[in-house]
Amino acid sequence: MDPKISEKAWNPELEKDILKQWEEGKIYEFTPQEDNYTIDTPPPYPSGRPWHIGAAAHYSQIDMIARTARMAGKNVYFPIGIDRNGLPVELYTEKKHKIRMRETERGEFLNLCREALDDLEAEMILIMKNLGISGDFANYYRTDSEEYRTLTQSTFIDLWKKGQVYLANRPNNYDWVSGTTIADAEIIYEDLPTKLAYIKFKIKDTDREIVIASTRPELLCACRTIIVNPEDERYTQYIGKKVIVPITNAEVELRTHHSAKQEFGSGAVMVCSYGDQNDVALFRELELEEIVAIGLDGRMTKVAGEYAGLKPKQARTKIIEDLETNGFLEKTEDIAHRTPVSERSKTPIEIIPMEEYYLKQKEAIEKIKNLGQEITFHPTMHKQILMNWLESINIDWPISRRRYYGTEIPIWYCKACSEPHVPEPGKYYKPWMEKCPISNCTKCDSTEFVGEERTFDTWMDSSVSPLFISKFNRDDEFFKKVYPTSIRPQAKDIVRTWLYYTLLRCEQITGQKPWSEAWIMGYGLDEKGMKMSKSKGNAIDPLPVIEKSGADTFRFWSASEINHGYDFRCNEQKIESTKKFLSKLWNVSRFLSSFPVIKSGKLFASDKWILSELGNLVKECKRGYDEYNFFVPAIAIREFTWNLFAAHYIEMVKGRAYGINFSDEERDGAIFTLHKVLSTILKLLAPITPFITEHLWKVLYSEKSIHKEKQVESESSYLEDFTQFTKEITEFNSNVWNEKKSKELSLKDSIAVSVPENLSAFSKDFAAMHNLE
RNA sequence: GGGCUCAUAGUCCAGGUCGGUUAUGACGUCGCCCUUACACGGCGAAGAUCCGGGGUUCAAAUCCCCGUGGGCCCA
């Protein structure tokens, strides 16, 4: 009989037609029912090409979750969103148009950002679709849409009214040339020449002096403590003693801290507000009171005494002279110091306390811990990342940013008395360009207001994604059916941010957990094991890879290479060679397509054997799918299909299936079993490689989509367990092949080998397979 | 500096909870073979002191301790 499939290999071009069929058939459409399975899909950020291959692997696997759930009979809601708020697009836009954000009119700058996002987004959606992602693209959302930003602002206003938000000073990176705070991402480090001053400090009530080396002697007036390493025996006897700061004569305590390096300078370090980020951490950890020594104008403040009004660099030169005159200076050294400078202005940044808004989180930590316990983590070990983070939180969450492309903080201040006013929730507000919706100041009755110019930290937006997708505040009935959602899939590196902030915000707003399960994936590393990033230049663009090898190849690679939860390496050659397995599957199907599909048949020994092995395979796949660990089924299916089914079973029953020298009953048993096994493999593989399984399924078994089928849960109708024979069967076949080889016989030549007694039930199949005499 | 995590052939990976045959499979390499599903294939071969050191044990890739190295997150 002619095979129904004539082509000799899987052609990834077919994926395009299949995509079209899915789209036209709307086979993944969602209508809410009483019981739903909602995926809180991570909205990817379009931050410029290439979208990295690790992300493509990540989304492929999220789709496998959706497909697994669907085949398990769940009503799957799989929203698709695009995250568009934040710094990266601002930097991208500045670079693309060679402009500076703060020198461009705000509205104009926002438009340029939006255009850039639109282009990048279109490509990203194309990649997701081509990967076969079965999400709801028709209703995809954007985190910068009016609807989304309304939600961010409304939830903020709600928390503001509950007293969860406050203003406080905290140290910020400040670029006094541009007159603005800058994000950590905008800082670069340069080795700049500077003087390292060795300054003598007197220990109070002793004759001893400590010499401290510092690159920032002008900050002596802001010195709050001296630290030494706890292991440093030179200072053991002075711990807890007072030390007198030269010039200012302030008395500060000498204490221990592990961050002081014994081998640097004298081993003692002065801690000032703020010489560097380490000082910031120490002030926070040791709960020191800060002294503001440098003002927003970039000059020394009045606490610097006679140095007030000088720029830090001038003050440094002068204070070194004064230290020398007064005998406090041991020596100076010229060194190259790794200095944080503003990427834009190239001037050293200063760390200066500034007023920012904070969202209270410290009081919520216990609640979040309990909430975390209610959530199942896949894999369980990654729950620890959250728990460790909860242990180490020691400040509230700073939520305001001096940026443009983000959700505006909805506050207006009274011009007369500065009283802040928040508007009613339910609308999207832009205080930097809109009139205050409140007519009179609640405090002084004045009618003049000025709008807040700052935006929110982007996690303020991202952290309400479960509320947005479940239509919180927009559709109560829908919300009740969908929230709490079912699963949050996300990458490991943002457990402390996205996962944690979502728990925090959703708890604050709804009092409930946002999802029942969290699914945490590792990072995509390059061939050498380094994290891929655009700046390192080691990121692989997924688009050409997918175009060349096809989505299913890419997806199967992703499943078979990534053990869930662990980091994984990406290698293009490996991806390409994964295609071989799909070829194998294709050709097995091509062979089977020459036989009619038979609903039942009498089973013979070989049939019972392969069906027993199939039973094991089904069990193994279920184990993996239950955990959403696709590595397990991918490896098991490849192993079974290639090394047992194709290599041994098909060879053993080929003669029987053709019916040469076999009865009809014997022939039908083989044909039935062949189709039984292949159709089961296709279903087991459908969540991982949705295209090729769909194609083969439709050609061989049904007009209906395989993605509407229920997953095989067990294969127990064949009670006799024949898996005990597996080893002997494969060894016997191998022996015959070797025997023929050593006698330089062709495989079709006949040979005299006797079948072991144990395997006598299989002897007729063996005889036909090997042409045994 | 703190935390998490990993270490098995040229490369990737399984096994590790619960110690016990010859350490799994794939990619790559090499040799032979067009055998009517497949040369994007078949058969076969070579290739691993399971990171180092110590301990527990009749027995350790596996359990315990101490190192070393990589990765990521935080500071």
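In what follows, chains carry the letters A, B, and so on, assigned in the order in which the sequence lines appear, proteins first and then strands, with residues in each chain numbered from 1.
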Output the rounded distance in Å from [atom1] ([X]) to [atom2] ([N]).
X	N	atom1	atom2	value
A:R569	B:U11	CZ	C1'	9 Å
A:K727	B:U21	NZ	P	11 Å
A:E576	B:G28	CD	P	10 Å
A:L582	B:C27	CG	P	13 Å
A:N173	B:A75	CG	P	12 Å
A:L390	B:G3	CG	C1'	14 Å
A:E744	B:G31	CD	C1'	13 Å
A:N388	B:G3	CG	C1'	6 Å

| message | So, does A:R496 get its side chain near the phosphate of B:C73, meaning an N or O under 4.0 Å from OP1 or OP2? | response |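 The answer is no; no side-chain N or O of A:R496 sits under 4.0 Å from OP1 or OP2.
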| message | Quick test of your reading of the model: are A:D607 and A:K676 salt-bridged, counting only N-O distances below 4.0 Å? | response |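 Salt bridge absent between A:D607 and A:K676.
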| message | What I'd like to find out is whether the side chain of A:Y625 reaches to under 4.5 Å of the side chain of A:F630, using heavy atoms alone. | response |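 Heavy-atom side-chain distance check passes, below 4.5 Å.
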| query | Are any of the side-chain heavy atoms of A:P398 and A:D457 separated by less than 4.5 Å? | reply |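 No - every pair of side-chain heavy atoms lies 4.5 Å or more apart.
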| request: Can you measure from OG (A:S750) to NZ (A:K740) and round to the nearest 0.5 angstrom? | output: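 Here the rounded value is 7.5 Å.
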| field | Gap separating the CG atom of A:L582 from the CG atom of A:N11, nearest 0.5 angstrom | value |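 Interatomic distance, A:L582 CG to A:N11 CG, rounded to 0.5 Å: 12.0 Å.
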| task | Check whether the ring centres of A:F762 and A:F725 lie less than 6.0 Å apart, and answer yes or no. | result |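 Ring-ring flag for A:F762/A:F725: true, centres closer than 6.0 Å.
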| said: Assuming nearest nucleotide by heavy-atom distance, tell me which of A:T497 and A:K574 is located more 5' along RNA chain B. | reply: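 Here A:K574 is the residue nearer the 5' end.
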| Closest-nucleotide ordering on RNA chain B, the 5'-leading residue of A:S577 and A:S560 |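 By nearest-heavy-atom nucleotide position, the 5'-most residue is A:S560.
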Shortest non-hydrogen contact from [X] to [Y]?
X	Y	answer
A:I751	A:V736	CG2-CG1, 4.3 Å
A:C570	A:G524	SG-CA, 4.4 Å
A:P489	A:I62	CB-CG1, 3.7 Å
A:R555	A:M64	O-CE, 3.5 Å

When the [atom1] atoms of [M] and [N] are compared, how many Å lie between them, rounded to an integer?
N	M	atom1	value
B:U11	B:U49	P	12 Å
B:U22	B:C32	P	33 Å
B:G20	B:A60	P	11 Å
B:C4	B:A26	P	37 Å
B:C27	B:A45	P	16 Å
B:A23	B:U62	P	16 Å
B:C51	B:C13	P	14 Å
B:C65	B:U56	P	15 Å

| said: If the condition is ring pair (Phe, Tyr, Trp, His ring centres under 6.0 Å), which residues does A:Y628 pass it with, not counting sequence neighbours? | reply: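 Once residues adjacent in sequence are excluded, the partners of A:Y628 under the ring pair (Phe, Tyr, Trp, His ring centres under 6.0 Å) criterion are A:H378.
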| field | ring pair (Phe, Tyr, Trp, His ring centres under 6.0 Å) partners of A:H648, counting only residues at least two apart | value |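 A:H648: ring pair (Phe, Tyr, Trp, His ring centres under 6.0 Å) contacts with A:W737.
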| query | Near RNA chain B, which residues from residues 617-634 of chain A have a heavy atom under 4.0 Å away? | reply |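 Heavy-atom cutoff 4.0 Å gives A:F631.
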| said: Go through it in stages, so that I can follow the logic: the residues are A:E627 and A:R623, the test is salt bridge (Lys or Arg N to Asp or Glu O under 4.0 Å), and I'd like the CA-CA distance, side-chain angles, deciding distance and then a yes or no. | reply: CA-CA 7 Å; A:E627 287 286 316; A:R623 187 174 72 86; over 6 Å; no
| said: Give the dot-bracket line for RNA chain B from 5' end to 3' end: parentheses for intra-strand Watson-Crick or G-U pairs under 3.5 Å, square brackets for crossings, | for inter-strand pairing, dots for unpaired. | reply: (((((((..(((.......[....))).(((((.......))))).....(((((..]....)))))))))))).
| task | Answer yes or no: does atom CG of A:N388 have more than 12 heavy-atom neighbours from other residues, nucleotides or ligands under 6.0 Å? | result |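 More than 12 within 6.0 Å, yes.
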| task | Assign A:N643 to base, sugar-phosphate, or nothing according to its heavy-atom contacts below 4.0 angstrom with the strands shown. | result |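 Result for A:N643 = sugar-phosphate.
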Nucleotide N/O of nucleotides 5-10 of chain B paired with protein N/O under 3.5 Å:
none

| task | Check whether the side chains of A:E613 and A:Y649 place a donor and an acceptor atom closer than 3.5 Å, and report yes or no. | result |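 Short answer, no.
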| request: Could you encode protein contacts along nucleotides 36-46 of chain B as a string, one character per nucleotide from 5' to 3', using B for base contact, S for sugar-phosphate-only contact and - for no contact, with a heavy-atom cut-off of under 4.0 Å? | output: -BBSBSSBS--
